[in-house]
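A short worksheet on the structure shown next.
Throughout, protein chains are lettered first and strands after them, A, B, ... in sequence-line order, and every chain is numbered starting at 1. Here the structure is a predicted model, which means the values were calculated and not measured. Because only heavy atoms are used, hydrogens play no part in the values below, and waters and symmetry mates are left out as well, while side chains stay in.
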Amino acid sequence: MVRVRFAPSPTGFLHIGNARTALFNYLFARKNKGKFILRIEDTDKERSRKEYEEAIIEDLKWLGIEWDEGPDIGGEFGPYRQSERINIYKGFAEKLLKEGIVYKCFCTKEELEKMREIAQQKGLPPGYDGRCRDLTKEKINQYERQGRDYVLRLKVPEEKIEINDLIRGKVVFEGEYLTDFVIMKSDGTPTFNFAVVIDDYLMKITHVIRGEDHLSNTPKHILIFRAIGAELPQFAHMSMTLGPDRTRLSKRHGATSVRAYREEGYLPEAFFNYIALLGWGTTESREIFTKEELINEFSIERCHKASAVFDKEKLLWMNSYYIRNTSIDRIYQLSLPFLRSAGLINNSEKDEEYIKKAIFLEQEKIKTLKEVPYLIEFFLKEPEYERENFENFINEETKKTLADIVQIFEKIKDFKKEEIENKVRGYCKEKNIKTSLVFHPLRFAVSGRTKGPDLFGMIELLGREKVIERIKKLIK
RNA sequence: GCCCCCAUCGACUAGUGGUCUAGGUCACCACUCUUUCAAGGUGGUAGCGCCGGUUCGAGUCCGGCUGGGGGCGCCA
C-alpha cells in the first residue's frame with residue numbers, strides 16, 4: 001500500500017512551491033490508490049504558529065487537496081503534529097544513545113564556529129570534527145555536573161551513500177563530506193532531520209516525495225533509517241519552482257502564497273491545473289486537465305529534473321480560460337466575497353438573477369474574480385462617467401442623436417436586445433449616420449465607459465427605465 | 001570554499017539515435033471577425049548553451065567547459 005505525506009512547517013502561509021509538493025504527493029497517492037497524510041512539522045517553537053497551521057489546512061482544502069490522515073482528522077498513526085510527538089523522538093534517541101550509535105556533544109557555539117572555519121580552510125564543507133565522540137565517562141559526568149548543555153550527534157561512518165531516486169536516478173554522495181550531525185537539540189527537541197525519519201518510519205511512509213532542496217539531506221536520513229533498523233522508503237526529489245529571474249521563488253517576486261492568489265480571485269481548479277504543469281507534462285503536451293484527469297495521467301517518472309519558472313501570465317490565462325468555461329452559477333458563488341467587499345451586494349437576493357445575467361455578459365472578459373465588481377458595477381450603481389472621454393461622446397451633435405434614441409426606446413414594445421438593435425440600426429440607416437457614431441455615444445451614456453459587453457444585451461439587462469433615465473440625465 | 005542536482009523558443013513543455021527543415025501552450029506580432037473591449041479564427045517571430053567524442057547518422061549516448069539551482073546550522 002502506497003503511503004505518502006506532505007509535511008509543512010507552520011511558519012507562514014502555504015507557499016506555491018510547497019503547494020506543488022503537496023499536489024504531486026496527492027496525485028501520486030490517488031493514482032496508486034494509496035494514502036495521503038498531512039503532518040505538521042512544528043518543532044521550531046520560535047517560528048511555528050497555530051494560525052499558520054490553520055491557514056495551511058484551509059488553503060489545501062481550497063485547492064481541493066484532501067488527506068486521509070492528519071492533525072485535524074486523526075488517523076491510525078497519530079499524532080500528526082510533531083510538537084505532540086516529542087516523547088517518541090526522545091525514546092528513539094535514548095535507545096540510540098544506549099546502543100552507542102549516538103553520543104553527547106558538549107561543544108559550545110564558539111567551538112563549533114571555529115571548527116567550521118578550519119574545515120573550510122581544508123577544502124571541506126563546514127562540519128563537526130567529532131571531538132566529543134570518544135569522551136570518557138568521567139568527562140561526560142563532569143560536564144553534566146557542571147550543568148553544561150549537550151546535543152546528541154549521530155556517529156557518521158565514512159562510507160559512500162547511494163540514493164536511487166525515482167526522478168533523478170542514482171545519486172552518489174562520497175563519505176568524507178558528511179560529519180556527525182545533531183539529532184537532538186539541547187532543549188530536548190529533535191532536529192528536523194531526525195523527526196522526519198522517525199515519523200516517516202512510524203507512519204509507514206513508502207514514498208518520500210519532496211523538493212530537490214532536500215536531496216542533500218537524504219544521506220543523513222538514510223543513515224538515521226539504518227540506525228533505527230528501518231527499511232528505506234523510495235525517494236523522489238522534485239525540481240524547484242523559481243521566480244522569473246531563475247532564483248528560488250520568494251517574497252521579492254511578489255505574491256508567493258496560495259492565499260494571495262486566492263484573494264486575487266483565482267479559481268482553485270485553475271491554480272491546481274497550472275501548478276501541476278510545472279515540471280511535469282504529458283506526451284501530447286496537453287494543458288487543460290480536470291483533477292480526475294490529472295490523477296489518471298500522473299506519473300512520477302514524467303517529472304522533470306530541471307526546475308521550472310512560475311509564470312504568472314500563463315496562470316492568468318489559464319484562470320480566464322477556466323472562468324470562461326465555468327457555469328455562471330459557480331462564477332457567481334465564487335464572486336460573492338468580492339462583490340460583498342466592494343459593497344455591491346447588500347440589497348438581498350432579488351439581485352441574484354440580475355447579477356448573474358450581468359456576469360454572463362462580462363464572462364469572456366473576466367480574468368480574475370477580483371475584476372467582477374468593477375466589470376458589473378454600472379449595472380448596479382449609477383455610472384461614473386470617464387472624464388477623458390466625455391466630450392468625445394457627449395456633445396451637441398450626439399445629444400440630438402441620443403434624444404432621438406430615447407424616443408425610439410420609449411416606443412419599443414418588447415424591450416429585448418434583438419428588437420433594440422433592429423430599431424437603432426434602422427434609425428442609423430434612416431438618418432444616414434454611421435452606426436459607430438450612434439453606438440459609441442450610446443454605450444458611453446448608458447455605462448459611462450468606452451469598453452464593455454455587448455451593447456444591446458447590456459441595454460436589455462439594464463431595462464428601459466434605467467437606460468432612458470441615464471440618457472436623459474446626460475443630455476439635459 | 002566544498003558537495004549534490006540541472007540545461008530544447010522569453011516562459012511551461014513534447015521529444016528517449018534516423019519519421020526533427022524540432023511539435024504544442026502562454027506571452028509577443030500581423031491579419032481576420034466585430035458596435036467597443038474581450039473571446040474566437042488564420043498566420044508569424046523565436047529554441048536544442050559551448051567544445052570534443054561515440055556512430056553511417058546525435059536535441060537524443062559519453063566526457064569536459066560554461067551557466068543556473070540547491071545543500072553544507074542546536075532552521076525546516
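The base-pairing partner of B:U19, taking Watson-Crick or G-U wobble contacts with both distances under 3.5 Å, does not exist among the strands shown. Pair check for B:A58 finds none; no Watson-Crick or G-U wobble contact set falls under 3.5 Å.
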Going 5' to 3' through nucleotides 58-76 of chain B and flagging B where a protein heavy-atom sits under 4.0 Å of the base, S where only the sugar-phosphate is that close, and - otherwise, we get ----------SBBSBSBBB

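A:Cys107 SG to A:Arg131 CZ: the interatomic distance, rounded to the nearest 0.5 Å, is 5.5 Å.
Within 4.0 Å (heavy atoms only), A:Leu455 reaches at least one base atom of the nucleic acid. As judged by a 4.0 angstrom heavy-atom cut-off over every strand, A:Thr283 is placed among residues touching the sugar-phosphate backbone only. Counting any heavy atom pair closer than 4.0 Å across all strands shown, A:Val172 reaches sugar-phosphate atoms only and no base atom. Using a 4.0 Å heavy-atom distance criterion, A:Arg168 is classed as a sugar-phosphate-only contact.
Scanning for ring pair (Phe, Tyr, Trp, His ring centres under 6.0 Å) contacts around A:Phe310 gives A:Tyr261, A:Tyr274, with sequence neighbours left out.
Applying the 4.0 Å criterion to OP1 and OP2 of B:C6, one finds that A:Lys305 has a side-chain N or O inside that range. For B:A14, one of the phosphate oxygens OP1 or OP2 lies less than 4.0 angstrom from a side-chain nitrogen or oxygen of A:His304. In terms of phosphate contacts, A:Arg443 brings no side-chain nitrogen or oxygen within less than 4.0 Å of OP1 or OP2 of B:C37.
Side-chain proximity of A:Ala308 to B:C12, B:G24, B:C4: nearest is B:C12.
The two residues A:His253 and A:Lys312 come nearest to each other via the heavy atoms O-NZ, 3.0 Å.
Taking the six-membered ring where the residue is Trp, A:Tyr385 and A:Phe444 present tilted rings, their angle falling between 30° and 60°.
The distance between atom CD of A:Gln363 and atom C1' of B:C37, rounded to the nearest whole Å, is 16 Å.
Both A:Trp280 and A:Gly452 lie near RNA chain B, and the one whose nearest nucleotide falls closer to the 5' end is A:Trp280.
Rounded to whole Å, the P atom of B:C48 lies 15 Å from the corresponding atom of B:C12.
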